[in-house]
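Worksheet: the structure to be examined is printed underneath.
Residues take their numbers from the sequence shown, with the count starting at 1. For clarity, every value in this text was computed on a predicted model and none was experimentally measured.
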Amino acid sequence: MTGAGPLFVMSGRLSPEKAQMRALTALAQLRRQGQEARLILLGSGPLEGALRAGIARLGLGGQVTLAGHVENPFPVLARADCFVLSSDYEGQPMVLLEALTLGLPIIATDIPGARSVLAGLEGPALVPADAAGLAQGMARFLAGGVAPARFDAEAYRAETLSAVLTELLGHVPPRRPT
């Protein structure tokens with residue numbers, strides 16, 4: 001990667017529902033507006049060839065890296081300036097929880113899965129699920145308008161476990177002494 005500017009990172013299977021081409025289009029839009037930024041995509045999948053072609057077509061060869069599948073993405077995520085989720089749909093977007101745990105600012109498409117993870121947190125930007133919305137969120141980050149959220153992973157785990165147990169059992173069973 002030879003480009004300059006802050007580093008955005010994405011992590012996930014290179015497949016249609018993840019809509020990585022949307023992020024490439026958004027980055028190209030930012031560059032046309034004179035903004036410097038880079039993007040690294042972690043993951044592999046059936047759209048790798050199409051994404052490589054999109055990178056070339058949009059003239060982003062020096063700004064975008066397709067890093068492939070990375071067994072441990074945390075070192076790459078930790079070096080990034082901002083996490084981007086461009087998906088059309090997600091169930092439980094674990095990548096957002098990982099980014100929150102690492103204290104990364106987040107820009108995510110406003111879809112139910114992202115909304116459920118980011119609800120009530122100040123800092124992350126939920127944007128329309130199109131290239132213009134993603135570009136706007138990325139520009140907002142570049143201008144200092146997207147900050148890391150205060151996130152307590154242990155509290156999130158405990159709340160989620162409690163909700164699941166209540167849904168399944170009707171209550172949360174008492175903890176056994178250890």
- Item | Sequence neighbours excluded, every pair satisfying side-chain hydrogen bond (donor to acceptor under 3.5 Å, both in side chains) that has a member inside residues 50-60 | E48-R52
- Message: Would you say that more than 12 heavy atoms from the other residues, nucleotides or ligands in this model lie under 6.0 Å from the CD of Q92, or not?
- Response: yes
- Selection residues 144-153 - residue pairs positive for salt bridge (charged side-chain N to carboxylate O under 4.0 Å, His left out), sequence neighbours left out: none
- Item | Geometric class of the F151/Y156 ring pair [parallel <30°, tilted 30-60°, perpendicular >60°] | tilted
- Query: Run the side-chain contact (heavy atoms from CB on, under 4.5 Å) check on V146 and M138 step by step: do they pass?
  - Reply: CA-CA 9 Å; V146 178; M138 293 166 85; over 6 Å; no
- Looking at residues at least two apart in the chain, or sitting in another chain, which of them share a ring pair (Phe, Tyr, Trp, His ring centres under 6.0 Å) with F83? none
- Gap between atom CG of L39 and atom CG of L30 - 0.5 Å precision: 10.5 Å
- Note on the structure: Looking only at heavy atoms, the pair that brings A114 and L85 closest together is CB-CD2, 4.0 Å
- Item | Validation row: L42, V9 side chains within 4.5 angstrom (heavy atoms) | yes
- Note on the structure: Heavy atoms of V95 and S11 approach each other most closely as CG1-O, 3.4 Å
- Message: My understanding is that only residues two or more places apart in sequence, or in another chain, count here; which of them pass ring pair (Phe, Tyr, Trp, His ring centres under 6.0 Å) with Y89?
- Response: none
- Item | For S87, all residues meeting side-chain hydrogen bond (donor to acceptor under 3.5 Å, both in side chains), sequence neighbours excluded | E90
- Query: Looking at Q35 and L142, what are the two nearest heavy atoms and their distance?
  - Reply: OE1-CD1, 3.4 Å
- Query: Excluding sequence neighbours, so at least two apart, what forms side-chain hydrogen bond (donor to acceptor under 3.5 Å, both in side chains) with D81?
  - Reply: none
- Note on the structure: Sorted by chain and residue number, the side-chain hydrogen bond (donor to acceptor under 3.5 Å, both in side chains) partners of T101 (sequence neighbours excluded) come out as none
- Shortest non-hydrogen separation from G133 to V127 and the atoms involved: O-CB, 3.4 Å
- Side chains of S162 and L165 in contact at under 4.5 Å (non-hydrogen atoms): no
- Item | ring pair (Phe, Tyr, Trp, His ring centres under 6.0 Å) contacts touching residues 114-138 (sequence neighbours left out) | none
- Item | Minimum heavy-atom distance between A80 and L104, given as atom pair plus value | O-CD2, 3.3 Å
- Message: If you count every heavy atom of other residues, nucleotides or ligands that lies below 6.0 Å from Q136 atom CD, does the total exceed 12?
- Response: no
- Message: Any heavy-atom pair between the side chains of I40 and L66 that's under 4.5 Å?
- Response: no
- Under 3.5 Å, side chain of Q63 to main-chain N/O of E36, donor-acceptor pair present? no
- Locate the shortest heavy-atom distance separating A131 from T25; write the atom from each residue and the value. CB-CG2, 3.7 Å
- Listed once per pair and sorted, the side-chain hydrogen bond (donor to acceptor under 3.5 Å, both in side chains) pairs that draw on residues 106-116, sequence neighbours left out: D110-R115
- Item | Contact check, side chains of I107 and P124, non-hydrogen atoms, under 4.5 Å | no
- In chain order, what residues pass the side-chain hydrogen bond (donor to acceptor under 3.5 Å, both in side chains) check against E167, with sequence neighbours excluded? none
- Those residues at least two apart in sequence (or on a different chain) that pass salt bridge (Lys or Arg N to Asp or Glu O under 4.0 Å) with R157 are E154
- Note on the structure: The reported gap from CG in D130 to OG in S86 (rounded to nearest 0.5 angstrom) is 11.5 Å
- Query: Under the 3.5 angstrom rule, does the side chain of R38 hit a backbone N or O of G5 as a donor-acceptor pair?
  - Reply: yes
- Query: Are any non-hydrogen side-chain atoms of I106 and L96 less than 4.5 angstrom apart?
  - Reply: yes
- Note on the structure: CG of L77 to SG of C82, rounded to nearest 0.5 Å, is 11.5 Å
- Quick one: salt bridge (charged side-chain N to carboxylate O under 4.0 Å, His left out) pairs with a partner in residues 135-146, sequence neighbours left out? none
- Could you tell me whether D88 and R22 make a salt bridge, using a distance below 4.0 angstrom between a side-chain N and a carboxylate O? yes
- Could you check if a side-chain atom of L100 sits within less than 4.5 angstrom of a side-chain atom of L121, using non-hydrogen atoms only? yes
